[in-house]
Every structure is written in C-alpha cells, then in structure tokens.
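Below is one structure, written out as structure tokens, with a few remarks after it.
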Amino acid sequence: IAVCLCSWAVVDMSMEDRVDVFLKGQAEIPCIYTLKEPAKMIVWFTKLPGRDQSRRRIYYYDDQNEIIEEGSEYAGRIKVTHSHEPQNARGSAILIIDNVQLSDQREFICTVLNVSTDSGEGHTRLQIFNSPSLPVIEGMHTGISVTVEEPSKVAHCKVDNGYPRPNITWYKDRFPLQQSDDEVKTMESVTTKPNGLLTVDSELYIKVKRTDEDALFYCEVKYFVPGGVRMTESKKINITVYYPTTEVTMSVNPPDRLIKEGDTVEIRCEGNGKPQPFFDFTHNGEMLLLENVKRSSSGTYVCQSIDFDTNTVAEDSINITVHYLDHIVVTPEETVLDQGEDLTLTCNALSSLPTQTAWYKDGMRLVERHVLELNNASYDTAGMYMCEVTVPSLPELREQKSVQISVRGKPKITEEIAVGPVNKADRSVNLTCYAEGYPFPTITWTLSDQWTGQPVPVPEVENQKTDTGVLSMISVRAVSKLTANCSAANEFGTVNVSRTIEACDVLTSACFSALTAGGGSGVIIAVIIICLLLIAILGSVLYFLYKKGKLPCGRSGKQDFTKEKASKDDIVMEMKSGKSEEAVLLQGVNGDKKSPTE
C-alpha cells in the first residue's frame, strides 16, 4: 500500500496506488483520511483513459445528500461505505464497484473536504485481469524436409481471451527454444477482440534435423493474475520430418518359409528415408509379378529407389527360389495280368526338393519306395493301387496317383449268398452275391419254389462294379420254400452257388431263415439219414437194457440206479410210467444231471 500525502492539502490522505481485480468481479477502492471530525464532503471522480484526461464525477456526499451520477457508466454498479473513528481521528470512504468491466481499468480520485474548507485528494488505478483459455497447438499437416536451408514452420500456438497480454514460450523436449536467425524463429501477433480481451498467436520456425522426428514440441503460456503470475502448457506434439533415402532393404513375406508354386509372395522394399521413395522392382529385366508364382519366378529380384529431391539412388537385391513337385508318372498305367504273372510298378515325380514315395492299397501302406513289385498274381492281387509322393521339408507339396490292376481268370464267388435283414412291412429280404474275375463277370439269378417245383420270376437285379469284381443284389418275398441260385460267367468260365430260403411263421420277428448253403437239397437228405441212424441206435440200447433186467416196466418196479457204481461213460435212465408223469434222466460224460425238460 502506497500512501499519497498531498502537501497542498491540510487533510492527510492514504490510498493504494493500484487495486487488482478479476473481470466480472467486485472491486473495493479504499479512501482513508485523517480528520478529528467526519468529513463534510466526499467526492469520487474518474479520469477518462486515453488522451482525454478530464475528470468525471461519479459520486457526491455531504451532510444532507448522497448522489450517484445518473448519467455515468457506474450508475447502478457502485456504492460507497463511510466510517469514522473519533479516537483515532481517522475516516474512510470505500468505493465498491460491482461486475467489473475492462473499461473500468482507469484512475479513480477521492476528494475529502472538512468544515474549514480544507481538502485532501488521493489517486488509485484499477487493474483488470482475465485468465486466458488453455493454449491450443497444431503441427504442420505436411512433412518438413531436412534439405530446406531456411527455418520451416513446424507448429502454431494460440491462446485466447487473456488480459493483460499472455506470453508464449516454445519448448522442445522440456528445453526452451531460443531465438536464432539460422535455426529458430518465432512470429507473434496480438489481436484485440470486440470485448477488449486479447488473443495471442505464435508460430514456430526451425531448421529441422532427422532427430527432430522423435522430439516433442509444445508451448508454454504465462499470464498475470491479481498478486502473481501463473503458467499453463499445451499438449505435446510430434512433427513429420522428411529426409532422403540412403539405403534400401528387401524382405520376403512370409519370412523364413519355403515358397512353392501357386503361392502368393510379397516382396517388400523399404528405404531408410522418409517418406518412402519411388521404388522400381525388376526381375530378369521385367516388372515383378507376385501372385501364383511359378518355378520360373525363381531368381534375383532387384529394388532400386530414386529420391527426386536429392537425385540420390539406392539399391538392394534378394534371391528367391520357388519349389515345385510335378505330377506323378506311374509305369505301367492300368494293367491286366494273367494269374501267376509278375509285375513291377514304378512311381516318379520331379521335384526341387528331396521326396518320399509310398504305395498304398485299400488305405494300407505296402512299401515306402518308388518301386512296387507284384509276384504270382491272383485275385487278391487285383485292385486299386495308389502312389503318394511327399516333400518332408515342405508338407504342402503332395501328389497322389492311382492305378488299376486287374487279374484275368474264371469268376470266383468269394462267399455264399448273403441274406440281409427282413423287411417286416412286406416280409421281403435282400440276397447278395459277390464274384471276382476279369473280364468282369456277368451275374444272373434263378429262383425256384421247392414245394411246387415251379420256377419263380426273378425281381429287378442291381449290379455294382468294384475294383476287383461285381456285387449283385435282389430282393425276394417268399411265402414258401425257395432255392436261390447265383451264376457268374465270363469268357474263362462259369461258377454257381445256391442257397435255400425257407418261409417261417409270419408272426415271428424273422420271416425267413437260411437252412442250407452250397449243396442245397442233398445236404438236407444227408441230415435226415443221420437223424434216423441216431434214433435206431438209441432204440437198440434201450432194448438191450430191458433184456438184461436193468429197466423195470411196472409202477412198483422202481429201482434206484444211483446206488450202483457206474463209469463216467454209462448212460443211466429213470422212467416213470403213468398218465401224468414220464421222465428220462441222462447222465452225460461230465457227470452233470439234466432236468427232465432238458
């Protein structure tokens, strides 16, 4: 607080040289005077800013009146509080200004008069402050070349709505940038807005180096507030630095992997400059093609960069090998052998890498080599053989080829006629017959009814060729005993097989059962004769025992055979006569007793 002692006045005055206040705030300007009695008159004036230094009264006070000038800009915004301390002979008149405006930044004058018309006068300047907005920084959207000789614009910083004027300082990596004509320049402009607040713009120009691409640039703003100085920073930014390419590096994607025909290969060429220069790819004097590569794509690829700004040329090269596996060649191809004949098959495929070869038949591996030897050909030799060639170091390279081997000879029916499951809806059953041979045999069916001795029409026949023969199938519906005959024939001969299909109770789960196979009715006759012989032998044994007295025939003639000693091989029977009960107990060779039902 500075004290203004006015020598020409009897009244001692005490006022502050300056009062600081924020815009839109409330200002208090104290006017302190020394008098034993309260002042008779107090007047507040303002001195207009600018060249016009005339005074304008804004407030008047005496014993009878208190007047706030109606026509001034302070009408409705000011008031004055009065106080007096007789014991200290001190009085005060404090001017209070509400809603402070920038236009209030001026000088205020307090005049005090006593009863003897002595007077005193004091002066205070009101200083207005407004904190600016946060600084906004923006880098250049285009790159900045290191080859430019003069400093180039790299960033712009703006701070708005400050008062008094804020100060901007530029930083790089926490270090302030000092003005230098050759390296660093800043250009600032201050704009006064219609409301009187200030906008400060600052542009940074530097002579960039390659290392500046990793540097962080920002601006610092210092601004005044009542009683001190504050500081704020912008966000940190990188700048794009352009520098020429001096070295080129080539690479292949995917890396560290063998390349095969049909692959898509990406060859990258990258320079150590920024931005990347124009590249020229060549391969054997032609432009590079990367899709669906072929073995002819193998060779040396050259990448050359040209920097038109500096006219510098950089070059690099890379070797690429495209691996391949040709289609398999099997010799001989489809072959027909006579039974007992020998054959040697060879399997080869040209490849740029070592290969492995294996032969398969019916999904099972036979040998692991490119040669397969077939000796003493038979029907088991016939079939489809498959050769597979692989590349262990590049598993995606894989080729397969199959060859059909046929063995000439009379047809061979490998199994009896097979009977399939019963169709309960129409009581039909499927019969299948499979015959091997080459040329492929022709299969015919015949059906006959054993009860009537008449032939039965053959339903539709379904034939299916396999690698080594023919599978034939018919569907029959029998309500009587049938004989089915399958005949297979080719130029080398004919073979037959038959099977009896016998009808059963329609209420059972299975409508037909196969009783005999191969020989047909002859087998049935043999079975019947054997059964009759067994019955005759059993009758003779019973009659012999009866003659020897071993068998009682009356109700009272019951004899306990268990008490007699008998060997394991003896047959012991117990017979009970009567209308209600008759049982025969047989002791088998193992000594077990059987129940009457068994």
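- Considering every non-hydrogen atom in both K185 and Q179, the closest pair reads CA-OE1, 3.3 Å.
- Inter-residue side-chain proximity for I97 and F108 is flagged as met; some heavy-atom pair is nearer than 4.5 Å.
- Side-chain contact annotation: T331 with T346, donor-acceptor N/O pair under 3.5 Å present.
- No side-chain donor-acceptor contact under 3.5 Å links K24 to the backbone of D98.
- Within a 6.0 Å sphere centred on CZ of F129, other residues, nucleotides and ligands contribute more than 12 heavy atoms.
- Heavy atoms of other residues, nucleotides or ligands lying less than 6.0 angstrom from OH of Y74 number more than 12.
- Shortest non-hydrogen contact noted between L337 and A377 is CD1-CB, 3.8 Å.
- Q26 CD: more than 12 foreign heavy atoms inside a 6.0 Å radius.
- Using a 4.0 Å cut-off between charged nitrogen and carboxylate oxygen, K260 and E396 do not count as a salt-bridge pair.
- Both the sub-6.0 Å distance and the 45° axial angle are satisfied by K236 relative to the ring of Y218.
- Checked by atom type, the side-chain pair S92/S83 shows a donor-acceptor distance below 3.5 Å.
- Annotation: cation-pi pair R57/F45 absent, no NZ/CZ under 6.0 Å from the ring centroid and within 45° of its normal.
- Between E121 and R55, at least one side-chain nitrogen of the basic residue sits less than 4.0 Å from a carboxylate oxygen of the acidic one, meeting the salt-bridge criterion.
- Once rounded to the nearest 0.5 Å, the distance linking CG of D104 with CD1 of I29 reads 8.5 Å.
- Taking CZ of R106 as the start and CD1 of I128 as the end, the distance is 10.0 Å to the nearest 0.5 Å.
- Under the 3.5 Å distance criterion, the side-chain polar atoms of E261 are matched with a main-chain donor or acceptor of R295.
- Ionic pairing of R90 and D12 is not present here: no N-O contact between side-chain nitrogen and carboxylate oxygen is shorter than 4.0 angstrom.
- Checked by atom type, the side-chain pair S202/W170 shows a donor-acceptor distance below 3.5 Å.
- For the ring pair (Phe, Tyr, Trp, His ring centres under 6.0 Å) test, residues two or more places apart in sequence or in another chain that qualify with Y61 are H82.
- Remark: K235 NZ is loosely packed, at most 12 non-hydrogen atoms of other residues, nucleotides or ligands lying under 6.0 Å away.
- For M187, the CE atom is loosely surrounded, since the number of other residues' heavy atoms within 6.0 Å does not exceed 12.
- Annotation for E333: atom CD does not count as buried by contact number, only 12 or fewer foreign heavy atoms lying within 6.0 Å.
- Using a 4.0 Å cut-off between a side-chain N of Lys or Arg and a carboxylate O of Asp or Glu, R18 and E107 do not qualify as a salt bridge.
- Salt bridge annotation for K209-E183: present, with a cationic side-chain nitrogen under 4.0 angstrom from a carboxylate oxygen.
- Pairs passing the disulfide bond (SG atoms under 2.5 Å apart) check and including a residue from residues 144-182, sequence neighbours excluded, read C157-C219.
- At a cut-off of 3.5 Å, with distance as the only test, no side-chain donor of S133 or D160 sits close to an acceptor on the other residue.
- With D326 contributing its side chain and A349 its backbone, the two residues share no donor-acceptor pair below 3.5 Å.
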For Y243 and E213, run side chain to side chain donor-acceptor pair (under 3.5 Å): C-alpha distance rounded to whole Å, both residues' side-chain angles, the deciding distance at 0.1 Å, then the answer. CA-CA 10 Å; Y243 43 89; E213 67 176 345; 3.1 Å; yes

